[in-house]
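See structure below.
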Amino acid sequence: MVYDFRNIEKKWQKYWRDNKTFKADSNSEKPKYYVLDMFPYPSGSGLHVGHPLGYIASDIVSRFKRSKGFNVLHPMGFDSFGLPAEQYAVKTGQHPKKTTEENVVRFKNQLHKLGLSFDWDREIKTSDSSYYRWTQWIFLKLYNSYYDHGLNKAQPIEKLKIPTNLNENEIESFIDSKRLVYVDTIDVNWCEELGTVLANEEVIGGLSERGGFPVIKRPMKQWVMRITDYADRLLDDLIELDWPESIKLSQKNWIGKSEGAEIKFSINNDFIDVFTTRPDTIFGATYLVLAPEHPLINNITTDKYRKSIIEYVEQASKKSDLERQENEKNKTGVFTGSYALNPISNEKIPVWISDYVLFSYGTGAIMAVPAHDERDNEFAKKFNLKIIKVIDGGNKDECYTGNGPIINCGEYDGIDNIKFKSIVVEKLESKNKGTKTTNYKLRDWIFTRQRYWGEPIPIIYDGNKKKALEFDDLPLELPEVESYLPTNDGLSPLARNNDWVNISINGKNYLRETNTMPQWAGSCWYFLRFIDPDNNNEFANKDLIRYWMPVDLYIGGAEHAVLHLLYARFWHKVLFDLDYVNTCEPFKKLINQGMILGNSAFAHRIKNTNNFISFDMIKDEKTQKIHVDISFVDEKNRLNIERLKQNNPEFKDVNFLKGESFYVSRDIEKMSKSKFNVINPDQICDKYGADTLRMYEMFLGPIEQAKPWNTSGISGVKNFLNKFWRLFYKGNGWAVTDRKANKSELKILHETIKKITNDVENFSFNTCVSSLMICVNELTRLDCRSYEILSPLTILLSPFAPHLAEEIWEHLGNKKSIINEPFPISNPSYLIEETKNYPVSFNGKLRFTIFLSLNLEIEEIKKAIMEDERTLVFLNGLEPKRWIIIPNKIINIVF
RNA sequence: GCUCGGAUGGUGGAAUUGGUAGACACGUUGGACUUAAAAUCCAAUGACCAUUGCGGUCGUGCGGGUUCAAGUCCCGCUCCGAGUACCA
């Protein structure tokens, strides 16, 4: 009887579905455990082998925790609003809802095949109006709240104290200026191609994150969320989180809190405000630099320099951030012709403009201290500006950024520079020339998109007057439109539906807000909806939230290190302040799975020709790498030209210059449909089975590490599962016996229990697989068929290969699913092993180091040594004077 | 440029975080079983030298250092990957 994974997997997937085996119970006496995956965007290309990596890991933890007696919530849903569906709709006219639903069905089928233990009764789609009704509701909660800096929390807008001397319009704009969501006219990243505005965070190197289209600055009215009010709390609360340090660090850097001072430099009758973190170096400030966007530039530029300034400003405005960065080595800038007054040293210093100063950070102007700042130093050297050293340290002509005593500052010389910081700030404050300030890199979150496929914003307008919709008006459903393109003047496609835009309430006419929310909105709170997905009266019941929150384990890709994780934390804190949730942080433990990379294949095209050349024949030819589908390439990197031409018409008229075969080159890259390197899990499932795929993905390497996909080792995992099966079946017969297990069999079992328990708790799934392999190899060698061993072993296997484990469990005579069977506990009495002894050195005193091959408690080590004969031979009547014991490692015994 | 990671056999990766480097798996080679193949099992497999036998030397990207002991810690490099907003 062979292990028939096809029927077994089908059988148990049906069983789990029919019996709702993984249904989470909210009225349980057991301790709870909430395991969450970052839910996927249901893209058109379906699931690839990289997606399940995190899902398999979280599934192992879920099954393990169930087995350990926890009440586990392990839900799944779809982040189903998003740009690709809309772009597809623009292209084909198909309603995004239709394509999204088709994709969801496909994703679900693929996920089901993997045997993941999701509670599908809790499935969420962010584009369902029953879901986004509550996204809109949270939006209104933010709209109707303000941040009370005294209480350091958000408060309902009714509690806001309004100054008494205001008229009606002023009251309104005062309230608006305090709301957590407000409208502002700002220079935004306008992407012509997408017809939409992107958040700063979504622009990468001057191009849109999705699609890679150019982005330019353009002023526009936008809804903005006041996330900056939460900067301090978002920063401070990071400390307690059990997250990877690298992710915490990137959030910290993103928030970018820095203490410093704003200093006023007088110029003509005006002044330039600069922000600096180094007020202690003010005597070394030999010039000022303004960002090219700075509004004062026009006023202070003298006629002599006006032409070059105008040229420079124009050039800078065309440059993308990426180009500004590329010019790193060769700084540019021009002199304005004006001089400003250093408020401390009273020196006249020149004012320059340069694009190495960013308008969006600080005040958009800096005081340059070339002696103590690398960038200023480079700039000063290039333009022959004065360099004055004011802190002692470093080599003579080098830029020194460290600390030390003050020099070249007259009466202040000798003072420690850190102390000098506060002296300077005090002096500036007394002269009204500056203040101590804290600056953040974090900027408010631009929340509107000129898109169709998103949540409509529940606001209506009476002229310029805004009116929020009432709770009863929600959900505000997405209207139908004729075309999914934005209007020519940049309005959302929703503006095309006049019947929807114009509404009348109690005989009064209003216009609707036509913008929609960004894709992040739905994912900011979905983990709360999973707790109570069908609730029509609340976004989730408070008692249920109290029971299930926080999320105990959150697994997802590192690409969400900042944006999603920061936005979700922000909304959660608002809901916490308004007393809707009971935890101030949503995610207790975070694991980032590494990307699974694909092995792309490239054919080489000779530049500016239609000739492709075999990789082994390239000599001096300049070539361009073109992706070809990896399914047309064999393991020796030979391309099947016929099949390529059949499937990709663009290669139809191409010449292939080749010897015996046409060779391609290979490269490791991110797995993506556009790179033709996608491996689909369905293929692997069909060929090897879900259990093999699950174990193999875990066996590939540490969960957090990026790794290329290759299937060369998959047969090892398949062999392991077959071996496992053969422990129970010999030939065609059931081989399990009632024989008592012997000592060595028990030792193998209990060692494995200990290793697996430890490794699952430390998320080291690759070593779990190894441990199971070793265990099965040894039991096979011993021909162990004892029920006493094989029954607990099946439970050990069940988180990793659940289908096989269930099947065997049933054959062992159990009527119920293995899912809630208690996880075996290792018995340390089976673990004591012989000790190995190595004399290490004679160092005045006789000294032995005793290595122990197992982790034991100190007392156990002592006991083992005293009882073991070979150890006693070493001790040989000598009474140890001193034990140097490092737990679990070594014992040095000094005589 | 900056920040954070990483580098271990032919390959993916282990190494209880300072204690026998290379677990486990793939691949390769040889053998058993078979008419044959598949499957399965057994053996070998870091490199070099020695091989009639014990064995020896070198080995965790490179160069130093600390230590009885370094893949692991410290200092200085090289290369690769990821992120990035020149953050003053």
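Reminder, nothing fancy here: chain letters follow the sequence lines and each chain counts from 1. All heavy atoms count here, side chains included; hydrogens, waters and symmetry mates do not.
- Whole-Å rounding puts the A:Ile247 CD1 to B:G5 P distance at 12 Å.
- Taking atom P on both nucleotides, B:C77 is separated from B:G1 by 13 Å, rounded to a whole Å.
- Nucleotides B:A88 and B:A15 are separated by 38 Å at their P atoms, to the nearest Å.
- For B:G9 and B:A14, the P atoms lie 14 Å apart once the distance is rounded to whole Å.
- Atom CG of A:Leu721 is separated from atom P of B:A39 by 16 Å (rounded to the nearest Å).
- Residue whose closest nucleotide on RNA chain B sits further toward the 5' end, between A:Asn253 and A:Ala365: A:Asn253.
- Checking A:Asn719 against A:Lys723 by side-chain atom types alone, no donor-acceptor pair falls below 3.5 Å.
- Here, B:U34 and B:C24 have their P atoms 30 Å apart, quoted to the whole Å.
- Between the CG atom of A:Asn758 and the P atom of B:A15 there is a distance of 12 Å, given to the nearest Å.
- In terms of the side chain to side chain donor-acceptor pair (under 3.5 Å) criterion, A:Ser770 has no residue partners (sequence neighbours excluded).
- Atom-to-atom, CG of A:Leu566 to P of B:A85 comes out at 15 Å; the value is rounded to the nearest Å.
- For A:Asn592, the side chain to side chain donor-acceptor pair (under 3.5 Å) test picks out no residue, with sequence neighbours left out.
- Position along RNA chain B of the nearest nucleotide to A:Gly701 versus A:Thr277 favours A:Gly701 as the more 5'-ward residue.
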Give the dot-bracket string for RNA chain B, reading 5' to 3', where a pair is Watson-Crick or G-U wobble with both distances under 3.5 Å, ( ) marks pairs inside the strand, [ ] marks pairs crossing earlier ones, | marks a partner on another strand, and . marks unpaired. (((((((..(((......[....)))((((((.......))))))((((.....))))..(((((..]....))))))))))))....
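- Under the 90° criterion around 0 for the glycosidic angle, B:U34 counts as anti.
- You'll find that the side chain of A:Lys441 is closest to B:A85, out of B:A88, B:A14, B:A85.
- Here A:Lys386 pairs with A:Glu347 under the salt bridge (Lys or Arg N to Asp or Glu O under 4.0 Å) rule; sequence neighbours left out.
- Using a 4.0 Å cut-off between charged nitrogen and carboxylate oxygen, A:Asp783 and A:Arg785 count as a salt-bridge pair.
- In B:G9 the O4'-C1'-N dihedral to the base is within 90° of 0, which defines a syn nucleotide.
- Spacing between B:U78 and B:G63 at atom P, rounded to whole Å, works out to 15 Å.
- For the pair A:Asp355 CG and B:C86 C1', the computed distance is 9 Å after rounding to whole Å.
- Backbone-only contact: A:Leu700 has heavy atoms under 4.0 Å from sugar-phosphate atoms and none from a base.
- Taking atom P in both B:A23 and B:G76, one finds a spacing of 35 Å when rounded to whole Å.
- Residues satisfying the side chain to side chain donor-acceptor pair (under 3.5 Å) test with A:Glu245, not counting sequence neighbours, are none.
- Comparing the C1' positions of B:A70 and B:G59 gives a spacing of 14 Å, expressed to the nearest Å.
- With a 4.5 Å cut-off on side-chain heavy atoms, A:Lys687 and A:Thr692 do not count as touching.
- With C1' as the reference atom, B:U84 and B:C26 are 38 Å apart, rounded to whole Å.
- Partner of A:Ile353 under the side chain to side chain contact (heavy atoms under 4.5 Å, CB included) criterion, out of A:Val334, A:Leu288, A:Thr332, A:Leu296: A:Val334 alone.
- With B:G13, B:C41, B:C4 as the candidates, the nucleotide lying closest to the side chain of A:Arg726 is B:C41.
- The environment of A:Lys248 atom NZ is dense: over 12 non-hydrogen atoms of other residues, nucleotides or ligands sit within 6.0 angstrom.
- To the nearest angstrom, C1' of B:A85 lies 7 Å from CH2 of A:Trp254.
- Taking the six-membered ring for Trp, A:Tyr287 and A:Phe379 have ring centres closer than 6.0 Å.
- Atom pair A:Glu262:CD and B:A88:C1' shows a separation of 13 Å (rounding to whole Å applied).
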Would you give a per-nucleotide map of nucleotides 21-29 of chain B, 5' to 3', where B means the base has a protein non-hydrogen atom under 4.0 Å away, S means only the sugar-phosphate does, and - means neither? --BBSSS--
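- The phosphate of B:G13 has OP1 or OP2 within less than 4.0 Å of a side-chain N or O from A:Gln705.
- Annotation: side chain of A:Leu235 is in contact with side chain of A:Lys252 (closest heavy-atom distance under 4.5 Å).
- Distance A:Glu751 CD to B:U16 P: 16 Å, rounded to the nearest Å.
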